[in-house]
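The next block holds one structure in the form of structure tokens; read it before the comments.
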Amino acid sequence: QVYKRKKIAHKTKQRQKKTYYTTMGAALTTQQRDRAQKIFSTVDKDGNGVITLSELQAVMPNTATSQLKKMILAADTDGNKRLDLNEAIEFFAKRNAQLFASIDTDGSGSITTSEFKNFLKEEASESDENITKYMSFLDHDKDGKITFSEFVLAVLELGSY
């Protein structure tokens with residue numbers, strides 16, 4: 001029975017590795033996943049396929065160690081205190097989905113110019129001119145709204161993780 005449980009757990013883990021986090025009805029596109037993988041590789045200095053606390057500290061030197069430990073704990077699904085690519089992508093997707101939802105105050109699934117303006121004025125005291133520039137950068141299809149996919153793509157383009 002122990003062997004069967006291990007085999008089932010292994011199969012489940014393999015399936016999870018093939019499935020990338022989906023949120024708000026939008027999965028990461030191949031382009032977004034490739035960009036996330038490049039960022040991951042940049043942080044994974046020794047190239048062993050996992051990000052350790054010391055590697056995070058190297059790229060986020062102004063963040064308190066306790067905050068970085070909390071970040072790892074929140075993302076580490078297998079309990080090894082390190083992040084593999086899939087854990088990092090899932091964590092990234094969840095964080096960005098939460099941020100997106102907090103900006104999308106009407107729950108429509110897209111961020112309007114007024115929602116974006118309200119968020120940036122409250123959180124960053126941005127000028128209308130800067131808000132217009134940011135909106136233009138984020139709104140790839142120029143329809144006046146930021147979809148979750150556009151939002152994630154922009155975050156990845158900025159190299160934020």
Side-chain angles (χ1 to χ4, degrees), residues 15-45 49-53 55-126 130-161:
R15 232 179 287 126
Q16 288 172 343
K17 286 184 178 183
K18 293 178 184 173
T19 306
Y20 301 105
Y21 189 78
T22 303
T23 185
M24 296 179 70
L28 290 180
T29 65
T30 301
Q31 180 184 15
Q32 291 166 340
R33 187 178 187 294
D34 288 347
R35 180 67 179 128
Q37 190 165 8
K38 285 180 186 171
I39 293 168
F40 182 90
S41 296
T42 302
V43 178
D44 179 21
K45 297 291 184 194
V50 293
I51 296 173
T52 62
L53 177 60
E55 288 170 326
L56 270 182
Q57 288 171 319
V59 296
M60 300 173 76
N62 296 327
T63 304
T65 300
S66 61
Q67 287 299 106
L68 295 174
K69 285 180 180 178
K70 285 179 186 177
M71 186 185 306
I72 289 173
L73 183 63
D76 180 22
T77 58
D78 62 10
N80 67 359
K81 297 182 182 173
R82 298 178 293 181
L83 302 180
D84 63 30
L85 177 62
N86 291 321
E87 289 171 328
I89 287 175
E90 184 172 334
F91 179 72
F92 164 79
K94 284 179 183 178
R95 275 188 49 187
N96 284 291
Q98 290 167 346
L99 177 57
F100 184 89
S102 73
I103 301 170
D104 178 22
T105 55
D106 67 2
S108 66
S110 61
I111 298 170
T112 64
T113 303
S114 65
E115 288 172 325
F116 192 60
K117 184 181 284 190
N118 290 339
F119 174 78
L120 283 181
K121 287 206 176 226
E122 287 176 23
E123 297 297 321
S125 302
E126 289 290 342
N130 282 344
I131 291 170
T132 301
K133 287 178 187 175
Y134 299 148
M135 187 74 184
S136 178
F137 173 74
L138 292 165
D139 183 16
H140 290 269
D141 62 8
K142 307 301 178 208
D143 66 352
K145 297 181 243 173
I146 304 166
T147 64
F148 183 68
S149 183
E150 289 172 323
F151 183 79
V152 170
L153 185 60
V155 171
L156 287 169
E157 287 174 3
L158 293 171
S160 182
Y161 200 63

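If you're wondering where the values come from, they're calculated on a predicted model, not measured in any experiment. Quick note: numbers below take in every heavy atom, side chains included, and nothing from hydrogens, waters or symmetry partners.
- Annotation: side chain of K45 is not in contact with side chain of T52 (no heavy-atom distance under 4.5 Å).
- Residue pairs meeting the salt bridge (Lys or Arg N to Asp or Glu O under 4.0 Å) criterion with at least one partner in residues 134-156, sequence neighbours excluded, do not occur; the list is empty.
- Under the side-chain contact (heavy atoms from CB on, under 4.5 Å) criterion, T65 pairs with L53, Q57, K69, sequence neighbours left out.
- Between the side chain of E55 and the backbone N or O of D44, no donor-acceptor pair lies under 3.5 Å.
- L138 and A154 make their closest contact through CD2-CB, 3.0 Å (heavy atoms, listed as atom of the first residue, atom of the second, distance).
- Across all non-hydrogen atoms, the minimal contact from I89 to A36 is CG1-CB, 4.1 Å.
- Rounding to the nearest 0.5 Å gives a distance of 7.5 Å between CZ of F151 and CZ of F148.
- Residues F119 and I111 are not in side-chain contact: their nearest non-hydrogen atoms beyond the backbone lie 4.5 Å or more apart.
- Residues passing the side chain to side chain donor-acceptor pair (under 3.5 Å) test with K121, sequence neighbours excluded: D128.
- Using a 4.5 Å cut-off on side-chain heavy atoms (C-beta onward), V155 and F92 make contact.
- For K70, the side-chain contact (heavy atoms from CB on, under 4.5 Å) partners two or more places apart in sequence, or in a different chain, are Q67.
- Minimum heavy-atom separation, P61 to V59: CD-C, 3.3 Å.
- Here the side chains of L83 and F91 are not in contact, with every heavy-atom distance at 4.5 Å or above.
- Between T132 and M135 the shortest side-chain heavy-atom distance does not fall below 4.5 Å.
- Contact record, S110 with S108: O-OG, 3.0 Å, taken as the closest heavy-atom pair.
- With hydrogens and angles disregarded, no donor-acceptor distance shorter than 3.5 Å links the side chain of E126 to the backbone of I131.
- Under the side chain to side chain donor-acceptor pair (under 3.5 Å) criterion, T63 pairs with no residue at all, not counting sequence neighbours.
- Distance CD1/I146 to CZ/F100: 7.5 Å, rounded to 0.5 Å.
- Contact of the N118 side chain with the E115 side chain is not registered, since no non-hydrogen atoms from C-beta on lie closer than 4.5 Å.
- Taking the side-chain contact (heavy atoms from CB on, under 4.5 Å) definition, one finds that S114 meets it with T112, sequence neighbours left out.
- Minimum interatomic distance between T105 and S102 (heavy atoms only, all atoms of both residues): CG2-O, 3.7 Å.
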Subject >> Test log, rule side-chain contact (heavy atoms from CB on, under 4.5 Å), inputs L68 and M71 >> reply: CA-CA 5 Å; L68 295 174; M71 186 185 306; 4.2 Å; yes
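- In this structure, CD in Q37 is found 11.0 Å from OG1 in T42, a value given to the nearest 0.5 Å.
- Using a 4.5 Å cut-off on side-chain heavy atoms (C-beta onward), I39 and R35 make contact.
- Here the side chain of E87 pairs a donor or acceptor atom with the backbone of D78 at under 3.5 angstrom.
- Between A88 and F40, the shortest heavy-atom distance links the atoms CB-CD1, 3.9 Å.
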